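Beneath this line is the structure, given in structure tokens, with notes to follow.
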Amino acid sequence: MGRSPCCEKAHTNKGAWTKDEDQRLINYIRAHGEGNWRSLPKSAGLLRCGKSCRLRWINYLRPDLKRGNFSEEEDEIIIKLHSLLGNRWSLIAGRLPGRTDNEIKNYWNTHIKRKLISSGVDPQTHRPRSSGPPSKDNSSSAHDSTTTEEESCVDLELSIGLPSHSHSSKYMKSASSSSAESKSIHDFLWPLGF
DNA sequence: AAGCAACACAACCGCGACCCA
DNA sequence: CTGGGTCGCGGTTGTGTTGCT
């Protein structure tokens with residue numbers, strides 16, 4: 001449909017940010033606050049697309065970011081939240097102060113996913129992986145009589161009306177921006193300490 | 001020491017939702 | 001009500017780093 005590009009690509013830098021660009025962005029946001037990303041680059045004297053500025057600020061420059069390795073506790077929280085929320089990284093990030101959705105997404109894809117797979121757990125369903133090819137009917141997956149934590153999470157998820165994460169991730173966008181659902185998730189997670 | 005592969009993470013892209021004239 | 005502009009999100013890619021042979 002010819003959606004107009006978010007910025008004039010011919011006049012924008014791409015790739016890694018320089019220290020000077022970082023500093024300009026920090027200075028500008030300190031002075032004027034976040035928001036209006038579209039016009040920010042011009043106002044701040046940056047040859048960057050607004051989206052790029054927003055991403056850089058949120059994922060790297062924000063003063064409240066907690067850099068460094070994820071703790072074991074954070075690992076567990078991410079796994080639990082992922083089992084409940086699926087790939088809604090922004091919601092998961094909202095439960096981990098100082099962490100960003102991008103950071104969590106990367107961490108999930110590079111560390112946790114592998115960790116779960118190596119321990120025999122399907123990272124998408126959080127259920128034990130069967131040795132054969134993945135079947136569509138995962139009710140038949142190898143379950144013993146013990147109730148796993150993942151299982152109880154899924155039960156809880158169903159009980160609070162969250163959509164199954166086997167659905168397309170696209171639905172999540174509306175869900176993540178739905179304040180009503182966010183609230184219900186919040187209400188659900190809060191007592192659990194999230 | 002050099003070459004290669006695997007890993008880690010920053011950044012980009014495209015899409016859908018939201019907002020407002 | 002509608003359409004354009006903007007924002008935010010998740011998926012994906014690109015590149016630097018580290019480890020291994």
Side-chain angles (χ1 to χ4, degrees), chain A residues 1-26 28-29 32-44 46-72 74-75 78-79 81-118 122-126 162-186:
Chain A
M1 283 307 169
R3 186 188 160 80
S4 62
C6 73
C7 48
E8 280 201 50
K9 298 192 177 191
H11 300 103
T12 53
N13 291 341
K14 285 174 77 170
W17 280 65
T18 65
K19 293 207 167 191
D20 178 58
E21 286 177 312
D22 280 350
Q23 203 51 55
R24 279 174 188 267
L25 182 56
I26 291 168
Y28 183 86
I29 292 179
H32 302 94
E34 292 181 44
N36 207 358
W37 297 108
R38 175 80 172 183
S39 62
L40 184 150
K42 200 174 178 183
S43 311
L46 287 163
L47 293 174
R48 289 276 180 177
C49 149
K51 266 175 136 176
S52 180
C53 294
R54 179 184 157 273
L55 206 65
R56 182 65 177 173
W57 173 254
I58 289 174
N59 289 323
Y60 203 83
L61 300 175
R62 252 169 43 193
D64 57 328
L65 285 183
K66 189 200 290 183
R67 311 291 303 174
N69 295 339
F70 283 75
S71 65
E72 276 294 318
E74 285 175 311
D75 263 27
I78 292 169
I79 292 168
L81 287 174
H82 186 272
S83 76
L84 285 167
L85 305 172
N87 292 1
R88 279 185 277 193
W89 306 116
S90 59
L91 276 178
I92 295 173
R95 299 288 152 193
L96 289 167
R99 300 296 189 185
T100 70
D101 54 355
N102 204 38
E103 196 178 8
I104 292 171
K105 180 172 60 182
N106 281 331
Y107 186 65
W108 175 269
N109 286 326
T110 54
H111 294 87
I112 300 181
K113 216 170 172 179
R114 201 165 313 170
K115 187 171 143 187
L116 290 179
I117 289 171
S118 71
D122 188 312
Q124 284 306 310
T125 63
H126 293 261
L162 278 176
S164 155
H165 22 263
S166 62
H167 293 166
S168 156
S169 66
K170 290 294 177 192
Y171 81 89
M172 294 172 175
K173 299 190 175 191
S174 57
S176 65
S177 55
S178 153
S179 57
E181 190 190 338
S182 293
K183 185 174 186 309
S184 72
I185 293 167
H186 179 272

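These numbers come from the heavy atoms of this one structure, side chains and all, not from hydrogens, waters or symmetry mates. Chain identifiers are assigned alphabetically (A, B, ...) following the order of the sequence lines, protein sequences preceding nucleic acid strands; residue numbering begins at 1 within each chain. Given the structure is predicted, the values throughout are model-derived calculations rather than measurements.
Of the candidate nucleotides C:dC9, B:dA10, B:dA8, B:dA8 has the atom lying nearest to any side-chain atom of A:R114. The side chain of A:D101 approaches C:dC9 more closely than any other nucleotide in the set C:dG11, B:dA11, C:dC9. Of all nucleotides listed (B:dC9, C:dC9, C:dG11), B:dC9 comes nearest to the side chain of A:H111.
OP1 or OP2 of B:dC13 has at least one side-chain nitrogen or oxygen of A:K14 nearer than 4.0 Å. Note on A:W89: a side-chain N or O is less than 4.0 Å away from OP1 or OP2 of C:dG11. Contact between the side-chain N/O atoms of A:T110 and the OP1/OP2 oxygens of B:dC7 is not found at any separation under 4.0 Å. Phosphate contact (OP1/OP2 of C:dG8, side-chain N/O of A:W37, threshold under 4.0 Å): present. Applying the 4.0 Å criterion to OP1 and OP2 of C:dC9, one finds that A:S90 has a side-chain N or O inside that range. Using a 4.0 Å cut-off, some side-chain N or O of A:R56 falls inside it from OP1 or OP2 of B:dA11. Of the side-chain N and O atoms in A:R67, none sit less than 4.0 angstrom from OP1 or OP2 of B:dC9. Here A:R54 reaches the OP1 or OP2 of C:dG8: one of its side-chain N or O atoms lies under 4.0 Å away.
Judged purely by atom type and a 3.5 angstrom limit, A:R56 has no side-chain atom pairing as donor or acceptor with the backbone of A:S52.
Residue A:N36 is classed as a sugar-phosphate contact, given heavy-atom separations below 4.0 Å to backbone atoms only.
A donor N or O paired with an acceptor N or O is found under 3.5 Å between the base of B:dA11 and the side-chain atoms of A:N102. Contact of A:N109 with B:dA8 (side chain to base): no donor-acceptor pair of N or O atoms is detected under 3.5 Å.
With a 4.5 Å cut-off on side-chain heavy atoms, A:Y28 and A:L46 do not count as touching.
Salt-bridge formation is not detected for the pair A:R88/A:D101: no Lys NZ or Arg NE/NH1/NH2 atom is positioned less than 4.0 Å from an Asp or Glu carboxylate oxygen.
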Run the salt bridge (charged side-chain N to carboxylate O under 4.0 Å, His left out) check on A:K66 and A:E74 step by step: do they pass? CA-CA 12 Å; A:K66 189 200 290 183; A:E74 285 175 311; 3.1 Å; yes
